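Below is one structure, written out as structure tokens; the observations come after it.
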Amino acid sequence: MPELGDVEGWRRLLGRFERSTIEAIDVLDDGVIRNRSAAEFVDALLGEQIGAPARIGKWLQVPVGDVIVLFHFGMTGALSIGDSTPAHRYDRVVFTTDAGSFSYRDLRKLRGIYVASTAAEVDAIVGPLGVDALIATAADLHDSVGAGRSSIKAALMDQSRIAGIGNFLSDEILWRAGIDPRTPTSLLTGDQWIGLHRSLRTVLRAAARAGHTPRGPRWLTGARWRDPATCPECGSELRRGVVAARTSVWCPACQHTGG
DNA sequence: GTGAATGTTCATTC
DNA sequence: GGAATGAACATTCA
């Protein structure tokens with residue numbers, strides 16, 4: 001699930017807990033608490049007040065008391081608001097506050113929850129991140145994503161170049177921009193960069209607003225599941241293959257390499 | 001049993 | 001140094 005739109009949706013939902021106090025923490029699986037013991041984690045947060053949640057790329061950052069709690073959802077994580085009693089099968093940590101409860105829910109546990117005491121510690125945990133994709137300008141896009149020699153799809157998913165775009169969003173953006181995902185960034189024309197930025201904004205704003213990557217009839221993400229999968233724009237059969245080491249879908253009729 | 005899954009990281013190999 | 005590749009992480013589902 002989680003790419004920029006999902007995490008932005010959870011950030012918004014978590015906003016309703018701002019200024020509430022954590023009254024209980026149920027660590028159902030301490031494997032997801034990554035850089036503290038479960039006891040240290042509970043000790044640091046219990047009785048503390050929640051601040052305004054922020055998002056950078058796919059990271060959710062929540063000030064709690066004197067520390068910052070960092071959530072990363074991997075491929076299968078989610079923040080579940082309000083329906084954590086009784087605990088869902090994949091709830092790993094349940095937070096109860098005086099404003100209600102929420103839980104960190106995750107099937108595969110590829111990532112987890114971190115605690116940072118300083119800004120330097122935050123940086124060390126999240127690693128190098130490019131500008132957040134939702135606020136990236138056309139110049140940001142060209143200068144960061146365009147600086148290497150990789151395919152455009154790999155570059156869009158590279159969190160150190162631009163933060164928040166994953167497999168589905170990159171496919172969606174490239175489809176809308178009419179660019180073949182395998183195109184080396186060095187081959188993109190000025191017009192293609194402009195179009196790419198326009199598509200990126202359209203897709204990410206819709207995803208952020210919806211709280212997930214849209215799957216409607218005019219979206220590639222809606223079409224990629226069908227069998228046979230056809231292009232929502234032209235009806236051609238979509239192509240499926242591995243690009244940038246990820247399962248990718250694109251339209252051979254609408255998406256091109258050349259300018 | 002096999003393969004694949006919306007993410008990231010590490011080692012290895014061009 | 002960069003970039004691509006494959007494995008690994010942990011788990012479920014088709």
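Keep in mind that the numbers below use all heavy atoms, side chains included, and drop hydrogens, waters and symmetry copies. Remember, it's a predicted structure, so these values are computed and weren't measured experimentally. Each chain gets a letter, A, B and so on, in the order its sequence line appears, and its residues count up from 1.
Comparing B/dT8, B/dG7, C/dA4 against the side chain of A/Gln159 picks out B/dT8 as the nearest. Proximity note for A/Thr247 (side chain, C-beta onward) versus B/dG7, B/dA4, C/dG1: the nearest is B/dA4. Side-chain proximity of A/Ala154 to B/dT8, C/dA3, C/dA4: nearest is C/dA4. Among the nucleotides B/dT8, C/dA4, B/dT6, the one closest to the side chain of A/Ser150 is C/dA4.
Computed from coordinates, the A/Ile125 CD1 to B/dT8 P distance equals 15 Å when rounded to whole Å. A/Ile162 places its CD1 atom 15 Å from the P atom of B/dG7, with the value rounded to the nearest Å. Rounded to an integer number of Å, the gap from NZ of A/Lys58 to C1' of B/dT9 is 13 Å. Residue A/Met157 contributes atom CE, which lies 13 Å from atom P of B/dT9 at whole-angstrom precision. Note: CG (A/Asp106) to C1' (B/dG7) measures 11 Å, nearest angstrom. Separating the NZ atom of A/Lys153 from the P atom of C/dT5 is a distance of 13 Å, rounded to the nearest angstrom. Regarding A/Ile165, its CD1 atom lies at a distance of 11 Å from the P atom of B/dG7, rounded to whole Å. The CZ atom of A/Arg246 sits 11 Å away from the C1' atom of B/dA4 (whole-angstrom rounding).
When the side-chain nitrogen and oxygen atoms of A/His72 are compared with OP1 and OP2 of B/dG7, none of them lie within a distance under 4.0 Å.
Across all their heavy atoms, A/Ser248 and A/Asn167 have their closest contact at OG-OD1, 4.2 Å. Here the shortest heavy-atom pairing between A/Ala208 and A/Arg12 reads O-NH1, 2.8 Å. A/Leu110 and A/Met75 make their closest contact through CD1-CE, 4.1 Å (heavy atoms, listed as atom of the first residue, atom of the second, distance). Contact record, A/Cys231 with A/Trp175: SG-NE1, 3.4 Å, taken as the closest heavy-atom pair.
Nucleotides B/dG3 and C/dG6 place their C1' atoms 16 Å apart, quoted to the nearest Å. Straight-line distance between the P atoms of B/dC10 and C/dA10: roughly 15 Å, to the nearest whole Å. Between the P atoms of B/dT6 and C/dA3, the separation comes to 23 Å (whole Å).
Taking a pair to require two hydrogen-bonding distances under 3.5 Å in either a Watson-Crick or a G-U wobble arrangement, B/dT6 remains unpaired. Across the strands present, C/dA10 finds no partner; the criterion is a Watson-Crick or G-U wobble pair with both atom distances under 3.5 angstrom.
Atom CZ of A/Arg19 sits in a sparse spot, with 12 or fewer heavy atoms from other residues, nucleotides or ligands closer than 6.0 Å.
Using a 4.0 Å heavy-atom criterion, one finds that A/Arg240 contacts no nucleic acid atom at all. Among the protein residues, A/Trp225 comes within range of the nucleic acid bases, having at least one heavy atom under 4.0 Å from a base atom.
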- Note on the structure: Scoring nucleotides 8-14 of chain C by protein non-hydrogen atoms under 4.0 Å (B base, S sugar-phosphate only, - none) yields -BBBSS-
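The salt bridge (charged side-chain N to carboxylate O under 4.0 Å, His left out) with A/Asp171 is formed by just one residue from the set A/Arg182, A/Arg246, A/Arg224; it is A/Arg224.
Here the side chain of A/Tyr114 pairs no donor or acceptor atom with the backbone of A/Ile68 at under 3.5 angstrom.
Taking the six-membered ring where tryptophan is involved, the planes of A/Phe71 and A/Phe95 are perpendicular, since the angle between them exceeds 60° and thus also 30°.
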